[in-house]
Amino acid sequence: MSEPTIFERIIEGDVPGHIVYETETVAAFLDANPLTPGHTLVVPKEPYTRLRDAPPEVVTDVFEAVRTLSPAIEDAVDADAATIGVNDGTAAGQEVSHLHVHVVPRFEGDGGGSIHTAVGSVADLDDDEIGEIGSEIAARLG
Ligand code: 5GP
């Protein structure tokens with residue numbers, strides 16, 4: 001059996017963590033290295049690595065929890081907005097191999113960027129090239 005992930009250990013109470021929400025399938029706790037006050041991680045209790053690995057009903061539970069939690073988180077820290085995102089795979093910056101959604105409260109003038117700043121540049125593609133990629137994606141969905 002593989003070692004439990006750090007997030008499983010938090011959920012089990014083996015590692016200290018500030019759990020703010022829990023259902024049968026989902027848990028949410030404060031990030032230990034918050035980007036802003038209230039930065040929260042929402043995770044399935046089962047340690048699926050990536051979004052694609054989790055069954056649809058679990059993904060639904062996770063995103064329902066995100067929807068429930070994000071206004072509570074924003075209100076708790078008097079935030080103006082939130083950046084909500086998943087680093088889905090190591091090349092995207094995923095460090096913990098247990099699917100998690102970041103809810104990062106945002107404040108007017110906090111100096112941070114949008115999700116567009118995650119890559120730092122815009123792909124040099126014309127409309128035909130964008131369309132070809134669209135066709136490739138659609139072809140894989142049957
Ligand atoms: P990733 O880069 O995988 O999307 O993000 C992993 C997140 O987990 C980081 O924001 C990091 O601060 C957080 N994290 C890593 N270890 C711990 C821990 O032991 N406890 C908590 N609460 N958060 C952690």
Side-chain angles (χ1 to χ4, degrees), residues 1-126 129-142:
M1 214 156 105
S2 57
E3 286 288 299
T5 68
I6 184 69
F7 295 163
E8 288 177 280
R9 296 178 67 203
I10 291 170
I11 294 164
E12 287 300 318
D14 297 336
V15 166
H18 298 282
I19 296 177
V20 297
Y21 184 77
E22 205 170 350
T23 69
E24 203 178 315
T25 56
V26 174
F29 45 85
L30 296 179
D31 196 294
N33 307 288
L35 293 173
T36 62
H39 182 173
T40 300
L41 303 173
V42 185
V43 310
K45 287 185 172 174
E46 286 293 318
Y48 305 105
T49 301
R50 293 187 59 182
L51 191 60
R52 62 183 61 188
D53 302 321
E57 60 274 16
V58 172
V59 173
T60 298
D61 292 350
V62 168
F63 278 92
E64 275 186 9
V66 169
R67 182 179 182 278
T68 299
L69 278 157
S70 50
I73 295 166
E74 286 182 44
D75 286 356
V77 295
D78 208 15
D80 301 302
T83 296
I84 295 172
V86 178
N87 293 322
D88 191 31
T90 52
Q94 182 174 7
E95 290 183 354
V96 177
S97 298
H98 180 152
L99 171 64
H100 50 285
V101 181
H102 292 261
V103 180
V104 183
R106 299 297 303 272
F107 303 84
E108 294 292 346
D110 65 15
S114 71
I115 281 179
H116 290 76
T117 61
V119 172
S121 60
V122 175
D124 184 18
L125 296 169
D126 64 27
E129 291 167 319
I130 292 172
E132 281 167 25
I133 294 167
S135 301
E136 292 291 337
I137 295 169
R140 284 162 174 76
L141 299 172

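Atoms within each ligand, like the ligands themselves, are counted from 1 in listed order.
Looking only at heavy atoms of the protein, atom 3 (O) of ligand 1 is closest to Glu95 N, 2.7 Å. Protein heavy atom in closest approach to atom 2 (O) of ligand 1: Gly93 O, 2.9 Å. Among all protein heavy atoms, the one lying closest to atom 5 (O) of ligand 1 is His100 NE2, 3.1 Å. Of the protein's non-hydrogen atoms, Asp31 OD2, 3.3 Å is the one closest to atom 9 (C) of ligand 1. The closest protein non-hydrogen atom to atom 20 (N) of ligand 1 is Ile10 CD1, 3.4 Å.
Checking only distances, Ile6 never comes within under 3.5 Å of ligand 1, N or O to N or O. Remark: ligand 1 and Asn87 share an N or O pair separated by less than 3.5 Å (distance only, no angle test).
Of the candidates Ala32, Gly85, Pro16, it is Ala32 that places a heavy atom closest to atom 24 (C) of ligand 1. Remark: among candidates Ile19, Val96, Val43, Thr90, the nearest residue to atom 15 (C) of ligand 1 is Val96, based on non-hydrogen atoms.
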Salt bridge (Lys or Arg N to Asp or Glu O under 4.0 Å) between Glu24 and Lys45, intermediate numbers included: CA-CA 8 Å; Glu24 203 178 315; Lys45 287 185 172 174; over 6 Å; no
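Classified by interplanar angle (parallel below 30°, tilted 30° to 60°, perpendicular above 60°), the ring pair His102/His39 is tilted.
Counting only heavy atoms from C-beta outward, the side chains of Glu46 and Val58 never approach each other to under 4.5 Å. A heavy-atom distance below 4.5 Å is not found between the side chains of Phe63 and Val42. Contact annotation: the side chain of Asp61 never approaches that of Thr23 to less than 4.5 Å [non-hydrogen atoms, C-beta and beyond]. Annotation: side chain of Leu125 is in contact with side chain of Ile133 (closest heavy-atom distance under 4.5 Å).
Residue contacts with ligand 1: Gly17 is excluded, as none of its non-hydrogen atoms falls under 4.0 Å.
Here Leu35 has no heavy atoms under 4.0 Å from ligand 1, in either its backbone or its side chain. Using a 4.0 Å cut-off between heavy atoms, Leu30 contacts ligand 1 through its backbone alone, with no side-chain atom that close. Residue Asn33 touches ligand 1 through backbone and side chain together, judged by heavy-atom distances below 4.0 Å. Neither the backbone nor the side chain of His18 comes within contact range of ligand 1; no heavy atom lies under 4.0 Å.
Minimum interatomic distance between Phe107 and Asp78 (heavy atoms only, all atoms of both residues): CE2-O, 3.7 Å.
Side-chain N or O atoms of Asp88 include one that pairs as donor or acceptor with a backbone N or O of Leu51 at under 3.5 Å.
Checking Ile115, Leu35, Val103 one by one against Thr83, the side-chain contact (heavy atoms from CB on, under 4.5 Å) holds for a single residue, Ile115.
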